[in-house]
Amino acid sequence: MPAKDNILSLLAAQRGAWVSGESMGRDMKLSRAAIWKHVRKLRDEGHRIDSARKKGYRFEEAADLLSSAELSRALVATAIGRKIFSIPRTESTNKIAKELAADGAPDGTIVVAEEQTAGRGRRGRFWFSPVRLGIYCSFLLRPTLTPAQAPQLTLLAAVALAEAITDVTQLNVTIKWPNDIEADGRKIAGILTEISTGMDLIDYVVVGTGINVNIPRDAFPQEISERASSLLAETRRTYSRTSILQAYVERFDRNYRLLGVAGFAPILARWKELSSIIGKRVLIDAVSSTVEGTVKDIGADGVLLLEDAAGAMHRVFSGDISFLSGGEMINGAY
Ligand code: BTN
């Protein structure tokens, strides 16, 4: 075991008690300066370790790390997460998941990172991914669905995510079409689905999810600070990211199985309950055009059905939605 991990287990075994650097150094044949260096690294990883002159070190609390060992222990019964890659830092977990897919990784593989240096959102936006404060994960799926059915997976993920967040935090959240999770009109999580298609069927889908968990309100970059929020900012509590990810994977896994046996209808029904979008007047900024009207329904394939002022129906696959009230736009997208 590396010296750093050895020090961690030694201190953790005596949680709350002072352990002198000298005695650890003796046991491990390391200098006191070397012990101090390792303790600093452990603190950088998020472990809370006190230090005091003449007393030594005292272990307070383990870091809330998204370790594959910890997650696998909690996810024995799920098909999602049979294989988990947990990495400290990457550009984007979706990018890694796609590389793994190309190498033949199986359905249900999860990639999770403590930090993303180039986290991506929809429409080429960036996803703020500060180290250890959020969840940045991607599920690699190989469903037997046609490419046209792929939006079902995004809606399925949004349902699982909204329910998991409410379960763990008791926070009232809503889904904003197609896949934003909001609390009190601010975005706390988002989903980016990427798809690779074969001849008739999907080859693989990567469902990437970012959840703003323990991000303080004033830590968001200025350009999104009005519209973004976190579980911490909404509830004034910090959360174990492991518990939230676990709850999300369990819900996702249940819905993914349900999709296989009962089809999309029950998931869509739940999505509608959580989104309360039907009947609302909206403006949708799709990639090449904008369209305004009233949301009539979400189609069986997950596509939004919008009626414009002239009574024409539009099928909208994706875009940024804003709610209209008496002709005024009341919120935008990020
Ligand atoms: C959005 O709402 O625009 C989608 C945000 C998706 C962010 C997640 S974080 C994990 C995964 N990796 C990425 O680069 N993006 C997704």
Classify the angle between the aromatic ring planes of F126 and F128 as parallel (below 30°), tilted (30 to 60°) or perpendicular (above 60°). perpendicular
Could you please spell out the steps behind the side chain to side chain contact (heavy atoms under 4.5 Å, CB included) verdict for L231 and I244? CA-CA 11 Å; L231 300 179; I244 291 175; 3.5 Å; yes
Would K98 and D103 pass as an ion pair if we require N to O under 4.0 Å? no
Can you name the residues that form a side chain to side chain contact (heavy atoms under 4.5 Å, CB included) with R251, not counting sequence neighbours? A160, E163, A164, D167, R254
Quick check for you: to the nearest 0.5 Å, what is the distance between T290 atom OG1 and L283 atom CG? 5.5 Å
State, without any angle test, whether Y248 and T209 hold a side-chain donor-acceptor pair at a distance under 3.5 Å. yes
Check whether R227 reaches the backbone of E223 with its side chain - one donor and one acceptor, N or O, closer than 3.5 Å. yes
Got a second to check how far N255's CG is from F264's CZ, nearest 0.5 Å? 10.0 Å
Test side chain to side chain contact (heavy atoms under 4.5 Å, CB included) applied to T238 - qualifying residues, sequence neighbours left out: N214, L232
Would you list the pairs meeting ring pair (Phe, Tyr, Trp, His ring centres under 6.0 Å) in which at least one residue belongs to residues 292-318, sequence neighbours left out? none
More than 12 heavy atoms of other residues, nucleotides or ligands under 6.0 Å from CG of D184: is that the case? no
Residues in side-chain hydrogen bond (donor to acceptor under 3.5 Å, both in side chains) contact with E114, at least two apart in sequence or another chain: R241
Charged N to carboxylate O under 4.0 angstrom, R142 versus D107? no
Does T294 have any side-chain hydrogen bond (donor to acceptor under 3.5 Å, both in side chains) partners at least two apart in sequence or in another chain, and if so, which? none
Quick test of your reading of the model: are R281 and E307 salt-bridged, counting only N-O distances below 4.0 Å? no
Indicate whether any N or O donor in one side chain lies under 3.5 Å from an N or O acceptor in the other, for S225 and Q222. no
What pairs of residues pass the salt bridge (charged side-chain N to carboxylate O under 4.0 Å, His left out) test when at least one of them lies in residues 23-44, not counting sequence neighbours? none
A158: which residues meet the side chain to side chain contact (heavy atoms under 4.5 Å, CB included) condition with it, sequence neighbours left out? I175, I181, I191, W271
Determine whether a donor-acceptor pair (N or O, by modelled atom type, separation under 3.5 Å) exists between the side chain of S230 and the backbone of N212. no
Would you please test V282 and L306 for side chain to side chain contact (heavy atoms under 4.5 Å, CB included) and show each step? CA-CA 9 Å; V282 298; L306 191 77; 3.5 Å; yes
Pairs of donor and acceptor atoms involving the side chains of residues 80-91, under 3.5 Å and at least two apart or interchain, shall be tabulated with distances.
from, atom 1, to, atom 2, distance (Å)
S86, OG, L66, O, 3.2
S86, OG, S68, N, 3.4
R89, NE, E115, OE1, 3.2

Rounded to the nearest 0.5 Å, what separation is found between the SG atom of C137 and the CD1 atom of I211? 6.0 Å
If you draw a 6.0 Å radius around CD in E99, do more than 12 non-hydrogen atoms from other residues or ligands fall strictly inside? yes
Heavy-atom donor-acceptor pair, T166 side chain to A162 backbone, under 3.5 Å: yes
My understanding is that only residues two or more places apart in sequence, or in another chain, count here; which of them pass side-chain hydrogen bond (donor to acceptor under 3.5 Å, both in side chains) with N172? none
Of all residues at least two apart in sequence or in a different chain, which pass the side-chain hydrogen bond (donor to acceptor under 3.5 Å, both in side chains) check with E22? none
Show the numbers, then the answer: is there a side chain to side chain contact (heavy atoms under 4.5 Å, CB included) between R132 and D64? CA-CA 8 Å; R132 288 193 304 269; D64 173 31; over 6 Å; no
Which Ile, Leu, Val, Met, Phe, Trp or Tyr residues join L140 in one cluster when any pair of side-chain heavy atoms under 4.5 Å counts as a link? Y204, V206
Starting at CG of L75, measure out to CG of L245 and round the result to the nearest 0.5 Å. 7.0 Å
Taking it one step at a time, do T193 and V205 satisfy side chain to side chain contact (heavy atoms under 4.5 Å, CB included)? CA-CA 7 Å; T193 306; V205 176; 3.5 Å; yes
Tell me whether K4 is salt-bridged to E45, with the criterion being a basic N under 4.0 Å from an acidic carboxylate O. yes
Test item: side-chain donor near acceptor, E234 and S229, under 3.5 Å: yes
Remaining members of the apolar cluster that contains V39, side-chain heavy atoms under 4.5 Å: I7, L8, L10, L11, V19, M24, M28, L30, I35, W36, L42, I49, Y57, F59
Would you say D253's side chain and A79's backbone share a donor-acceptor pair under 3.5 angstrom? yes
Identify whether the distance between the nearest side-chain nitrogen and carboxylate oxygen of D320 and R125 falls below 4.0 Å. yes
Once you round to the nearest 0.5 Å, how far does CD of E70 lie from OG of S243? 9.0 Å
Side-chain donor-acceptor contact under 3.5 Å, T154 with N179: no
